[in-house]
Amino acid sequence: MYLSRFLSLHALWVTVSSMMQHYPSVWGHYDVCKTQIYTEEGKVWDYMACQPEARDMIKYVRVTLDPPDITCGDPPETFCAMGNPYMCNNECDASTQELAHPPELMFDLEGRHPSTFWQSTTWKDYPKPLHVNITLSWNKTIELTDNIVITFESGRPDQMILEKSLDYGRTWQPYQYYATDCLDAFHMDPKSVKDLSQHTVLEIICTEEYSTGYMTNSKIIHFEIKDRFAFFAGPRLHNMASLYGQLDTTKKLRDFFTITDLRIRLLRPATGEIYVDEQHLARYFYAISDIRVYGRCKCNLHATGCKEENKRLLCECEHNTTGPDCGKCKKNYQGRPWSPGSYLPIPKGTANICIPSISSIGNPPKFDRIWPNISSLEVSKPNQVAPKLSMTTVSSVQVANHKRANVCDNELLHCQNGGTCINNVRCQCPPAYTGILCEKLKCERDPGGCSQSSAQGAMSHCPLLLLMALLGAAGVHMC
């Protein structure tokens, strides 16, 4: 009695533990690509949608400036202090480390005083516009997960555009406009993210919220990712299931938060006044101390890892996929068209794994497993227990050459009807079955065929149908 109670409690604990393992994915983690589950047939893989953790993407960025000589210090020049625009005795000199302000100082660790920052040349060529493009490139598709934050050491610019690219900088689309006067600068009415809704979340707006000139306590510009997430997930982002459901079913929404490159277009420095003081042009320049971009590698829900290799981010693909974004099936795993994973159904999603190619069967040098000719699955007799599996494409030489190909395994090539895989070379079948994967009834060889009683006897072994491979399922079907 006590033993049975203990076993019942143990079973309950195993069930609860299994549920808790996947509970975080309700909140949008999707941090496991597959897990082993136990069935009457033994251990099998249960596949699910998965994605890498979000991280600070600035660690992997490559920055370019246009024009290339826009950084101050070559030749050395003086500029006015931030707090006092008429104290113009500060110096920028690229040849002296303490006085240089190169682009990499936009991405170094902050917290020191004085802070480090990149700085442009001053507006000495006024009235010619002082335009600067700062391009951030990852050579990888990125999914944004948090606000983009730009911290200025100078006053925030009077006019600026944040742009994005989805094709590695070949084409650009605006993300958001920033101006002290949106109507004058861009012929747009001023708005904030709070003016948007679920239906207008993709609208490109111009905001005046972040463009106040020389205020020492107002140096930060945001592009609000989380506020846009909140339209679907709630103010505190507690309902991530709703957000992921929307991302899964609305490609435009998903693409909106996806980038390969960002471009900061600085169009007019902070003047703090209606007019430009031409007697003190050293007051006007751009200076950025910090840029923050948080996101994850886009792996089409086929990977939890993303590694840096040869200064390039690459997904560590699973589900028999490959490519920088896991965007195609591996060779010999093209049994059906590639498809991205799906967040639905919550919480584990759908893996949409790539399955072995039927065309590669019987060609061991190109494929490391023997796979039955699934295209010839048929049921020829009403009392037949399992579909007939045509193995005509697998020669006896190929089956014997187990160094090149596995006849059976514990992942995809299961021995059917209770058979046991011996060293990946052969299936040891129950008395009533035969065939390479124990897929045939012995009674089929008898002149009278399989009687109803023999078929019912075989049913007690509960055959595992190989149709799961064709359908790309990872679990088992039990009678």
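Note that this is a predicted model, so its numbers are computed, not measured.
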A.B. asks: Would you check if there is a donor-acceptor pair between the side chains of Asp46 and Thr35 at a distance under 3.5 Å?
C.D. replies: no
A.B. asks: Restricting to ring pair (Phe, Tyr, Trp, His ring centres under 6.0 Å), what partner residues turn up for Phe223, sequence neighbours left out?
C.D. replies: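 With neighbours one apart ignored, the set is Tyr175.
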A.B. asks: Determine whether a donor-acceptor pair (N or O, by modelled atom type, separation under 3.5 Å) exists between the side chain of Glu153 and the backbone of Ile288.
C.D. replies: no
A.B. asks: Could you verify whether a donor N or O on one side chain and an acceptor N or O on the other, from Arg312 and Tyr60, lie under 3.5 Å apart?
C.D. replies: no
A.B. asks: Measure from the side-chain N and O atoms of Thr260 to the backbone N and O of Thr141, and report whether any donor-acceptor pair falls under 3.5 Å.
C.D. replies: no
A.B. asks: Among side-chain atoms of Glu208 and Tyr177, is any donor-acceptor pair under 3.5 angstrom?
C.D. replies: no
A.B. asks: State whether Asp325 and Lys140 are salt-bridged, where the test is any N-O pair (Lys NZ or Arg NE/NH1/NH2 against Asp/Glu carboxylate O) under 4.0 Å.
C.D. replies: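 Salt bridge between Asp325 and Lys140, a charged N being under 4.0 Å from a carboxylate O: yes.
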A.B. asks: Indicate yes or no for a side-chain donor-acceptor contact from Thr250 to the backbone of Leu253 under 3.5 Å, with no hydrogens or angles considered.
C.D. replies: no
A.B. asks: Under a 3.5 Å cutoff, is there a donor and acceptor pairing between the side chains of Ser137 and Asp261?
C.D. replies: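 The answer is yes; a qualifying pair exists.
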A.B. asks: Do Tyr343 and Gln246 have side-chain atoms, one donor and one acceptor, less than 3.5 Å apart?
C.D. replies: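 No pair is found: no donor N or O on one side chain lies under 3.5 Å from an acceptor on the other.
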A.B. asks: May I ask you to check whether Tyr244 and Phe232 place their ring centers less than 6.0 Å from one another?
C.D. replies: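 No, the ring of Tyr244 stays outside the 6.0 Å limit from the ring of Phe232, centre to centre.
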A.B. asks: In chain order, what residues pass the ring pair (Phe, Tyr, Trp, His ring centres under 6.0 Å) check against Phe229, with sequence neighbours excluded?
C.D. replies: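 So Phe229 forms a ring pair (Phe, Tyr, Trp, His ring centres under 6.0 Å) with Phe257.
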A.B. asks: Set out, in order, the CA-CA distance, both residues' side-chain angles and the distance that settles disulfide bond (SG atoms under 2.5 Å apart) for Cys317 and Cys326, then state yes or no.
C.D. replies: CA-CA 6 Å; Cys317 301; Cys326 306; 2.1 Å; yes
A.B. asks: Nearest 0.5 Å, what's the CG-NE2 distance between Asn147 and His222?
C.D. replies: 6.5 Å
A.B. asks: Going by the rule salt bridge (charged side-chain N to carboxylate O under 4.0 Å, His left out), which residues pair with Lys328 if we only count those two or more places apart in sequence or in a different chain?
C.D. replies: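 Scan of Lys328 (salt bridge (charged side-chain N to carboxylate O under 4.0 Å, His left out), adjacent residues dropped) gives none.
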A.B. asks: With no hydrogens and no angle check, is any side-chain donor or acceptor of Arg265 less than 3.5 Å from a backbone partner on Ile134?
C.D. replies: no
A.B. asks: Report the C-alpha separation of Arg254 and Glu143 in whole Å, then their side-chain angles, then the decisive distance to 0.1 Å, and conclude whether the salt bridge (Lys or Arg N to Asp or Glu O under 4.0 Å) test is met.
C.D. replies: CA-CA 8 Å; Arg254 189 167 64 249; Glu143 295 172 331; 6.0 Å; no
A.B. asks: Under 3.5 Å, is there a donor on one side chain and an acceptor on the other for Ser165 and Asp167?
C.D. replies: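 Result is yes, a qualifying pair exists.
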A.B. asks: Do Arg228 side-chain atoms and Glu224 backbone N/O form a donor-acceptor pair below 3.5 Å?
C.D. replies: yes
A.B. asks: If I take atom CD from residue Gln176 and atom OG1 from residue Thr207, how far apart are they, to the nearest 0.5 angstrom?
C.D. replies: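 Spacing of CD (Gln176) from OG1 (Thr207) equals 6.0 Å.
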A.B. asks: Once you round to the nearest 0.5 Å, how far does CD1 of Ile205 lie from OH of Tyr178?
C.D. replies: 8.0 Å
A.B. asks: I'd like to know if the two cysteines, Cys306 and Cys299, have SG atoms within less than 2.5 Å.
C.D. replies: no
A.B. asks: For Trp138, is the NZ or CZ atom of Arg62 found under 6.0 angstrom from the centre of its six-membered ring and inside 45 degrees of the ring axis?
C.D. replies: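 Checked: cation-pi criterion not met.
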